[in-house]
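Keep in mind that the numbers below use all heavy atoms, side chains included, and drop hydrogens, waters and symmetry copies. Chain identifiers are assigned alphabetically (A, B, ...) following the order of the sequence lines, protein sequences preceding nucleic acid strands; residue numbering begins at 1 within each chain.
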Amino acid sequence: MYFKDIDDVEKRLESANYISSKEIAIIVFLATATEKPILIEGPAGVGKTELAKAIAASLNHELIRLQCYEGLDEAKALYEWEYAKQLLYTQMVKEKVQDVIKGAKTLSEAVEKIADQEDAFFTDRFILPRPLLQAISSKNPVVLLIDEVDKSDPEFEAFLLELLSDFQVTIPEIGTRKAETIPLVFLTSNNYRDMSDALKRRCLHLYIDYPERDAEMRIVRLKIPGIDETLLRRLIDTINNIRKLDLKKKPCISETLDWAKSLIALQAKDLTRDVVLNTLNVILKYRTDVDLAISNIDKVIAS
Amino acid sequence: MVNLTLKFAACLRAIDMKVSTAEVLDCVNHLKLIDVIDEDLFKTVLKTNFAKSRRDHRTFDHAYDLFFHQMNSNIRLEDIKANENLVAANEIDILQKECVDQLAANLEMDQINQALINFLSGEPLTYMKMLRELQTKIEVARVINSNLGQLTERLQIMLKINAIRNLIPQFSGGNFDMPGSNKQKRLNQRLEERLDNAYQLLVKEPVPENESLNVVTRNQKRSQKLGDIPFANLSQTQIEEMRETIRQLVRKLNDIVTLRFASRNKGILDIKKTLRKSAKYHGLPLELKFRNKPLRKGKIVALCDVSSSVWSAARFMLNMLYSLQDCFSKVKSYIFVAQVADVTDFFDRYDTNDAVEKILNEADIEYNVLTDYGATLLDFKTNYMNVLDKKTTLIIIGDGRSNYLNPREHILQDMREKVRRIIWLTPEPEKFWRTGDSQIMTYKTYCHELRVCRNLNQLNEFIEELVI
């Protein structure tokens, strides 16, 4: 049992510096209670990855992270044979081969004797575990974060299925490895493409949106203690106004935090027109977006 | 509780959401863990189990509201918890049952009436299924192309709703109450509300949310004279100039792609080759050989409207796509007006520029008809659906002007499920999307990306993002 109840989730997440909504807490509670993976969707920068980190921190579990990208394959995600090491060992034990086949009368007898030894080269010693195998074979329960799973190829997604439903992986040369402890799995997606139904069926779904105004204020207060209240309020209102513009990339929570930090570094007491104009680059990452914000500057700045 | 969840799951399936038995099981298990009286909790549990992507959320909310609030106004969550029996025995319910039975006895019981009667007694499933069939039904092609068939069927349902509405006051009194009593009024009100709901369901379909849709309407300015001239306004000499510019752009892009391939091609160690090489050095593996990892190549399927306004943009896009053929594993192209024709062959046989010219005159397609996107999608679905797979990016180029014919957007949904991405390019700027017969707003729900593409700058930006 990971958490006692839903309130417990909320409290422990907050102690790990993560302000969660009720919905997040409910789903995290259910997922931990029934050992199901969570598929987290939402716009970039609303704290999807951060949630997994916070859960790991609040449970005191190790976090194992697998970043997905186009072309990610099993060798990078699950395990790889350490060929260099195998080759090296082959060279070193070359002489030993003579001893093994000593006394063999025919060629086929010699081959038979060598075959008895071949297991020596396909053992755990020569396996290089990658994140997924690490998560499964860990003695202590871990939190496994499979980040941006929508960027991976359909083949990789199919291969995740075995892992997510049975928590086991099959290595042809060795056999099936069952999980020692069941890891808590988080998958995040930016919705670049739709995930397959089979994958969705195995997960609980959680959608995280931009936080409500009050929640965002709490987050800034938590991460930057001592920020001036009036400045904070105007900052959040301005950010929300900017999000309403037709932008290429909307500023997310981490950008709000960056902005607040830079305002403090600049010792800005208030959010004046000049201050906003000078610091827009902190929150907007495209030139066209900055231009758009500048042309709407009077609408954007909260009174 | 189990019954209720099952019924709700059946309703969700009726509106085309995919709910598996495994999910129902999970959901029931989860409900045991929480306090079901708290509605927020209850709804969150159902939502996290049944609506597995943001797209489904709106449809789910709609169904949830209908099922738990409008239909079962008599279900109190306490009842659910106390016992499995959902039939709350208050007087209005008895009256309601009597009234609905009477209605049923006095109506001709065809499929529509039966569904409506079920709907009135709180079982929305048959009605929802019927609507679903209506929406996705494939009409038999008649002499004149129209979507009247679907409309008449809808009209029939509307008329039947009204007929029942008129009958209600007659039967709602029960056998013993005076007409006009308080109870009768309340019953009338409830039944009327349900009929209103049925009507709303008929005229408004819930549309899936598509927040992740990437709408690109602006672009960065590049310093090119030709870059900002809409394709439709090009003169013959400018078209020639345009080809030259495109050739340069393509060369540049090709260079970038090859560079990326070179830096990424170190794959895992190739044991076979390494051992073979090691024979030279008395079995010492001095030369390590790595497996070349080819770039993951996507397949492109382009579906182009050939009506004049769109074609001017489509020809340049096809031109660029085919010049960059090496970047993709396969490029297939189709053109349409009201039917689809495969023109991949033209590009295989002729030089890109010649092929584009030849397509307009020689493709096997009727040009003198009204553009019909619905019929096009249907034709594509019946004949070419097998070219789509999970590695395909489907590019549709068209203005979405369907001459008020049935847009059949459900087919686009089916296609979305088969491909990796759907990108819609339109030559019309955003301000015209809501005007006249444009169905862009309907179709955009089912696309991954919607772009305005009317000049070289926009086209160039699109191709760059596609290739790199």
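You'll find the side chain of A/E155 reaches within 4.5 Å of the side chain of B/K391, heavy atoms only.
The side chain to side chain contact (heavy atoms under 4.5 Å, CB included) with A/L30 is formed by just one residue from the set B/L33, B/L31, B/D26, B/N29; it is B/L33.
Counting non-hydrogen atoms of other residues, nucleotides and ligands closer than 6.0 Å to CD of A/Q91 gives a total above 12. Taking a 6.0 Å sphere around NZ of B/K43, one finds it holds more than 12 heavy atoms contributed by other residues, nucleotides or ligands. Within 6.0 Å of atom NZ in A/K299, 12 or fewer heavy atoms from other residues, nucleotides or ligands are found, so the atom counts as exposed in its surroundings. Counting heavy atoms of neighbouring residues, nucleotides and ligands inside a 6.0 Å radius, atom NZ of A/K85 exceeds 12 of them. The environment of A/K249 atom NZ is dense: over 12 non-hydrogen atoms of other residues, nucleotides or ligands sit within 6.0 angstrom. Residue B/K277 qualifies as open at atom NZ: its count of foreign heavy atoms under 6.0 Å is 12 or below.
Considering NE2 of B/H30 and CZ of A/F29, their distance stands at 9.5 Å, rounded to 0.5 Å.
Counting only N and O atoms by type, the side chains of A/H205 and B/S53 include no donor and acceptor under 3.5 Å apart.
A salt bridge does not link B/E23 with A/K200: every distance from a Lys NZ or Arg NE/NH1/NH2 to an Asp or Glu carboxylate oxygen is 4.0 Å or more. Salt-bridge formation is detected for the pair A/K22/B/D38: a Lys NZ or Arg NE/NH1/NH2 atom is positioned less than 4.0 Å from an Asp or Glu carboxylate oxygen.
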Notebook entry, point to check: After noting the C-alpha distance and the side-chain angles of B/R416 and A/D194, does the key distance pass the side chain to side chain contact (heavy atoms under 4.5 Å, CB included) rule?
Noted result: CA-CA 9 Å; B/R416 182 187 165 110; A/D194 299 339; 2.6 Å; yes
Check: Would B/K52 and A/R202 count as a side chain to side chain contact (heavy atoms under 4.5 Å, CB included) if you check the C-alpha gap in whole Å, the side-chain angles of each, and the deciding distance to 0.1 Å?
Finding: CA-CA 10 Å; B/K52 291 281 170 85; A/R202 284 164 174 81; over 6 Å; no
Next item on the list: Walk me through it: do A/E23 and B/T48 pass the test side chain to side chain contact (heavy atoms under 4.5 Å, CB included)?
Entry: CA-CA 10 Å; A/E23 202 186 357; B/T48 190; over 6 Å; no
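The choice from A/T34, A/L88, A/D5, A/L206 that makes the most heavy-atom pairs within less than 4.5 Å of chain B is A/T34.
Contacts between A/L204 and chain B at a heavy-atom distance below 4.5 Å involve backbone atoms as well as side-chain atoms.
Between A/P154 and B/R420, the shortest heavy-atom distance links the atoms CD-NH1, 4.3 Å. Shortest non-hydrogen contact noted between A/R201 and B/S20 is CD-OG, 2.7 Å.
Taking the side-chain contact (heavy atoms from CB on, under 4.5 Å) definition, one finds that B/S278 meets it with B/L275, B/P285, sequence neighbours left out. With sequence neighbours left out, the side-chain contact (heavy atoms from CB on, under 4.5 Å) criterion links A/A25 to A/I6, A/V9, A/E10, A/S20.
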